[in-house]
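Working notes, structure below.
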Amino acid sequence: MTNFSAYDLKQIAKLPPEIAALAEKYPSDILNAAEVWDEPPFPENHIPEIIEIYYGETEVSDVLIINGEIKDFRLRDVDDNTPISVLIDDQHTYLQIEGKEIMNRLGGVILPALFIDPTTLIKSVLGEK
């Protein structure tokens, strides 16, 4: 059982009940969503500097895109139930849990046409840094 602080419980309480119910199973994802729940989506034509994508509970992003260039990419085994969390410019922006969209603040974000340096891709595939 997760021990939530009084502050955490207050944040979770502002979420719709079906989302708040996921807090015990996905505490960090739900708390991250709760922190920005009342924030507006990104404005029209927002060009992100940094995009981070996380699959599941991990400290390091699985995909890191800086100014449209993939800087890091990790290949891992994930399934349809693996949570997907996206941060844009250090803001929690998108969350999918158990195949359902929980939060989407993308708004007017313009996603980049991606470029990946071949050396970065090879290192990611081989698990090198």
Report task. Please assess V86 against I53 for the test side chain to side chain contact (heavy atoms under 4.5 Å, CB included), listing each intermediate value before the final yes or no. Result -> CA-CA 5 Å; V86 178; I53 303 172; 4.2 Å; yes
Distance from [X] atom [atom1] to [Y] atom [atom2], nearest 0.5 Å?
{"X": "H92", "Y": "E52", "atom1": "NE2", "atom2": "CD", "answer": "9.0 Å"}
{"X": "M103", "Y": "S85", "atom1": "CE", "atom2": "OG", "answer": "6.5 Å"}
{"X": "I66", "Y": "D72", "atom1": "CD1", "atom2": "CG", "answer": "9.5 Å"}
{"X": "E49", "Y": "I88", "atom1": "CD", "atom2": "CD1", "answer": "12.0 Å"}
{"X": "I30", "Y": "L95", "atom1": "CD1", "atom2": "CG", "answer": "5.5 Å"}
{"X": "T93", "Y": "R105", "atom1": "OG1", "atom2": "CZ", "answer": "5.0 Å"}

Set of side-chain contact (heavy atoms from CB on, under 4.5 Å) partners for [X], sequence neighbours left out:
{"X": "N81", "answer": "D79, E98"}
{"X": "N45", "answer": "I110"}
{"X": "P41", "answer": "none"}
{"X": "P83", "answer": "Y26, D29, I97"}

**Report entry** NZ (K10) with more than 12 external heavy atoms under 6.0 Å
**Finding:**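 No, because the 6.0 Å sphere around NZ of K10 holds 12 heavy atoms or fewer from other groups.
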What closest approach, in Å, do [X] and [Y] show between heavy atoms, and which atom pair accounts for it?
{"X": "A23", "Y": "I12", "value": "CB-CD1, 3.8 Å"}
{"X": "I47", "Y": "D89", "value": "O-OD2, 4.5 Å"}
{"X": "E57", "Y": "S28", "value": "OE1-OG, 2.8 Å"}

Query raised in the report: Is Y7 isolated, or which residues cluster with it under the ILVMFWY side-chain rule of less than 4.5 Å, directly or via members?
Result: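 Its cluster mates, by chain and number: none.
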With the 4.5 Å side-chain cut-off for hydrophobic clustering, are [X] and [Y] part of the same group?
{"X": "W37", "Y": "V109", "answer": "no"}
{"X": "I70", "Y": "L111", "answer": "yes"}
{"X": "F73", "Y": "Y94", "answer": "yes"}
{"X": "I102", "Y": "F42", "answer": "no"}

Report task. Tell me, with the steps shown, if I51 and V63 meet side chain to side chain contact (heavy atoms under 4.5 Å, CB included). Result -> CA-CA 8 Å; I51 300 173; V63 179; over 6 Å; no
Requested in this report: Would you check if T82 and Q96 make a side-chain contact, meaning some heavy-atom pair closer than 4.5 Å?
Outcome: no
Report task. Quick one: list whatever passes ring-ring contact (aromatic ring centres under 6.0 Å, His included) with Y54, sequence neighbours left out. Result -> none
